[in-house]
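Remarks on the structure that follows.
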There are 2 protein chains.
Amino acid sequence: MRPTVHDIAERAGVSLATVDRVLNDRPGVRAVTRAKVEAAIAALGYVRDVAAANLAKGRVYPLVFIVPAGENPFMRGLEAEIRHAGRHSAAERTRLSVVTVPAFDAAALAAAIDAAAASDDTAGIAAVAVDAPEVAAAIARAREAGIPVVTLVSDLAASGRDHFVGVDNVAAGRTAGSLMGRFLGGRPGPVAVLAGSMRVRDHRDRLEGFLAAMAAMPVARQVLPVLEGQDDPAVSRRLIAGLLAATPDLAGIYSLGAGNGGLVAALSGRSDICVIAHELTADTRAALETGVIDAVLNQDAGHEVRSAARVLRAKADGLPVVAAQERIRIDIFIRENLPPAAEEDERSGAGLYQGD
Amino acid sequence: MRPTVHDIAERAGVSLATVDRVLNDRPGVRAVTRAKVEAAIAALGYVRDVAAANLAKGRVYPLVFIVPAGENPFMRGLEAEIRHAGRHSAAERTRLSVVTVPAFDAAALAAAIDAAAASDDTAGIAAVAVDAPEVAAAIARAREAGIPVVTLVSDLAASGRDHFVGVDNVAAGRTAGSLMGRFLGGRPGPVAVLAGSMRVRDHRDRLEGFLAAMAAMPVARQVLPVLEGQDDPAVSRRLIAGLLAATPDLAGIYSLGAGNGGLVAALSGRSDICVIAHELTADTRAALETGVIDAVLNQDAGHEVRSAARVLRAKADGLPVVAAQERIRIDIFIRENLPPAAEEDERSGAGLYQGD
DNA sequence: CTGTTAGCGCCTTCAG
DNA sequence: CTGAAGGCGCTAACAG
């Protein structure tokens, strides 16, 4: 049996309360007493039973997730994952809530952060950042109020956020460039880039990585000027249609933002152009299956949500975060390794949920 | 506050013990009483606090993992993951142990399964299966003794095992074939396949998928007869050296087993041949970085271990398993999306470990 | 068949 | 500064 607080109390010749004080380094223990207890802890190799501790504490961690509104499928998937995790977060004594704000709207995001921080029982905030000074300021305010903040999917390092939960987007861009280069091989023709907006950090980073990888390819290839589709399917569709008309020898398209529904529509079944896109959604999955899209780079929204919650809890408790464990991978999907579509809604298993 | 057993006892007008009986559907409750309790449960939307339940039960789940011995890096990584998970499994009230048996040795594996099943406190067994009747029989015996068994990495469906934890190897082979075809493009030359042994199911499955994908490529391409390296670096090295000498126009190699150290050594820095291998290990990672290997298909050993433990616990408790949640993905790695090498040993975070 | 009682391992008043 | 006692939500004897 593992040693318990009783064992260490006995061995140290003190009471349970004192052990507890040392364990949670609370004040009110003489240095000698503390030393005795710590010796006992070390000698017995005691490790605290977190489950029991949480039970006794009865503490809960209300975490607020702030995500962009709108029909961006990835963000809606992210929101679904948050709600899903929330339904199963009872065991982790965590209560998740979602707040949506207009996309790319720095003022609204800043206001939402302030509102969440103002609520007395917010234990932490996770937000998809927009790269703007107001947002950075709001994050800084929340942190000064003692509320941990993590950025999600898109970072804002200047804000001093506690942690960023998301992929290395420069590496993601490089991956896309490398795959594009290999898939095209010696085939001639320029490639195009469709972005959402150069105002969000993750899109800029992806572009940077992509251009670097294309430049490093053995075969030089022209990359056309970036098209900005505002992550909007209609705009994207128009832009791509124009592109196709103007560039008959187009070899590839790298879509580094959302709005892929419009891209796919504009391509209308053509599979002769090498297309690489981001985020596995209903749109991109279907296009992958029909061969319109050749590869999808994905960040696992479920992992991101769970990681954000874990990190926020750790920060709230002043515990360290294991960086290696919280790294979000860049998943590559092609038609052949596409996971079966998970049935939405109730994939629950009554208390069995644990996170993988 | 969430409703507790007290609330439902009060609302149903019964005692805690009765509520508990209904909750864990134990015998000794009249149908009417049971109905009252169930009504209260439903009305209050009660969900049991698993942590508290486990605390009260004090039950532990000793699980035995049986893996092949030898220098196969993937298996050693798997073993490391088991030990790592074991160090953090206290919270889940699970105790993991590892037993190694000679690779490809059906008799030894069967004996190890019997031994684990004989131990009175084994709550479940996870084994990397060898495709042989003795093994199937041993698994069947364990299950008859009431001990749940899952196969890990390599399946043995005929054994009647409770569950298989691993990837769809036919799909993995198809993925490899598809990537090989796309990477080679129009480049001429045959491709070779290096396997460990056609006696293990996962290798056969991968080959099947690979051949199917190659056959489906627009460009027909010769696939040379399979080389069996026994997952042994020395044997593999010899075979590949011979292959290179005999086939000057070789375009690609699909290595679907282990022993990749030998493969890489035989290639001695050549990066003109398209090489696709399985499992991200020190060998394959290094070769990916130098360009000797072009892509690695990986199954996340950490996920597999955690999934196996979850499934075994669920089976031991007679709970359902959420198939979608336990599916292991086929990860694709190229140089650009390689995750940073995780420092081995203590990546622990004192009680924070949760599984992603 | 049902209820009472005493913990599981830890935390938290409240006295001393 | 330290200890005793009670409770978190659930389960498990042991009585009735």
Side-chain angles (χ1 to χ4, degrees), chain A residues 1-38 40-41 44-61 89-94 317-319 350-351, chain B residues 1-38 40-41 44-61 89-95 316-319 350-351:
Chain A
M1 230 34 220
R2 261 169 51 183
T4 76
V5 276
H6 291 92
D7 300 322
I8 100 168
E10 187 178 13
R11 196 174 209 284
V14 299
S15 77
L16 292 185
T18 301
V19 173
D20 187 73
R21 289 187 185 101
V22 175
L23 244 32
N24 299 288
D25 55 22
R26 266 189 285 270
V29 185
R30 264 187 316 173
V32 258
T33 317
R34 178 176 296 273
K36 274 195 302 187
V37 174
E38 273 163 354
I41 292 178
L44 298 179
Y46 170 82
V47 282
R48 166 220 251 97
D49 182 330
V50 193
N54 283 334
L55 174 58
K57 274 205 280 266
R59 174 165 183 194
V60 291
Y61 299 82
S89 63
E92 280 96 50
R93 314 202 84 75
T94 289
D317 286 343
L319 295 174
Chain B
M1 228 34 220
R2 262 169 48 183
T4 74
V5 276
H6 291 93
D7 301 322
I8 99 167
E10 187 176 13
R11 194 172 211 284
V14 298
S15 75
L16 289 186
T18 300
V19 173
D20 187 71
R21 289 186 185 102
V22 175
L23 245 33
N24 299 288
D25 57 22
R26 266 190 284 271
V29 186
R30 262 187 316 174
V32 258
T33 317
R34 179 177 296 272
K36 275 196 300 188
V37 175
E38 275 163 354
I41 292 178
L44 299 180
Y46 169 84
V47 283
R48 166 218 254 98
D49 182 331
V50 193
N54 283 335
L55 174 59
K57 274 206 278 267
R59 173 166 183 193
V60 291
Y61 300 81
S89 63
E92 279 96 48
R93 312 203 85 74
T94 288
R95 208 188 309 294
D317 287 343
L319 296 175

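These figures come from a predicted structure and were not determined experimentally. Just so we're on the same page: letters track the sequence lines, and every chain starts at 1.
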**Request:** Figure out the CZ/C1' separation between B:R34 and C:dT2, and round it to whole Å.
**Result:**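 Result: 13 Å.
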Phosphate OP1/OP2 of [N] contacted by [X] side-chain N/O (<4.0 Å):
| X | N | answer |
| --- | --- | --- |
| B:R21 | C:dC1 | no |
| A:S15 | D:dT2 | no |
| A:T33 | D:dC1 | no |

**Message:** Restricting to side chain to side chain donor-acceptor pair (under 3.5 Å), what partner residues turn up for B:R21, sequence neighbours left out?
**Reply:**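 In terms of side chain to side chain donor-acceptor pair (under 3.5 Å), with neighbours along the sequence ignored, B:R21 is linked to no residue.
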**Message:** The criterion is side chain to side chain donor-acceptor pair (under 3.5 Å); which residues satisfy it with A:D7, sequence neighbours excluded?
**Reply:**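 So A:D7 forms no side chain to side chain donor-acceptor pair (under 3.5 Å) with any residue.
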**Angle by which the axis turns from one end of the helix from C:dC1-D:dG16 to C:dG16-D:dC1 to the other, five pairs per end, to 10 degrees** =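 Answer rounded to 10°: the end axes differ by 40°.
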**side chain to side chain contact (heavy atoms under 4.5 Å, CB included) against A:T33, all qualifying residues, sequence neighbours excluded** =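 With sequence neighbours excluded, A:T33 shows a side chain to side chain contact (heavy atoms under 4.5 Å, CB included) to A:V14, A:T18, A:V29, A:R30, given in chain and number order.
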**Prompt:** Who passes side chain to side chain contact (heavy atoms under 4.5 Å, CB included) against A:A56, sequence neighbours left out?
**Reply:**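 Result, side chain to side chain contact (heavy atoms under 4.5 Å, CB included) vs A:A56: none returned.
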**Asked** Touch check for B:V19, heavy atoms < 4.0 angstrom, all strands: base, sugar-phosphate only, or nothing?
**Response**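 Nothing, no heavy atom under 4.0 Å.
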**Prompt:** Which pair of heavy atoms, one from A:V37 and one from A:A12, lies closest together, and at what distance?
**Reply:**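 It is CA-CB, 4.0 Å.
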**Request:** Could you give me the CA-CA distance, side-chain angles and deciding distance for A:D49 and A:T4, then say whether side chain to side chain contact (heavy atoms under 4.5 Å, CB included) is met?
**Result:** CA-CA 8 Å; A:D49 182 330; A:T4 76; over 6 Å; no
Tabulated below should be each protein N or O lying under 3.5 Å from an N or O of nucleotides 8-11 of chain C; please produce it.
unit_1: C:dC8; atom_1: O2; unit_2: B:L55; atom_2: O; d: 3.3
unit_1: C:dC8; atom_1: O2; unit_2: B:A56; atom_2: N; d: 3.0
unit_1: C:dG9; atom_1: N2; unit_2: A:A52; atom_2: O; d: 3.4
unit_1: C:dC10; atom_1: OP1; unit_2: A:Y46; atom_2: OH; d: 2.4
unit_1: C:dC10; atom_1: OP1; unit_2: A:D49; atom_2: N; d: 3.0
unit_1: C:dC10; atom_1: OP2; unit_2: A:V5; atom_2: N; d: 2.8
unit_1: C:dC11; atom_1: OP1; unit_2: A:R48; atom_2: NE; d: 3.2
unit_1: C:dC11; atom_1: OP1; unit_2: A:R48; atom_2: NH2; d: 3.3
unit_1: C:dC11; atom_1: OP2; unit_2: A:D20; atom_2: OD1; d: 2.6
unit_1: C:dC11; atom_1: O5'; unit_2: A:D20; atom_2: OD1; d: 3.2

**Request:** Output yes when a side-chain donor or acceptor of A:D20 lies under 3.5 Å from a complementary backbone atom of A:L16, and no otherwise.
**Result:**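 The answer is no, because no donor-acceptor pair under 3.5 Å joins these two groups.
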**Request:** In sequence, state the C-alpha distance, the side-chain angles, and the governing distance for A:V5 and A:R48, and then conclude on side chain to side chain contact (heavy atoms under 4.5 Å, CB included).
**Result:** CA-CA 8 Å; A:V5 276; A:R48 166 220 251 97; over 6 Å; no
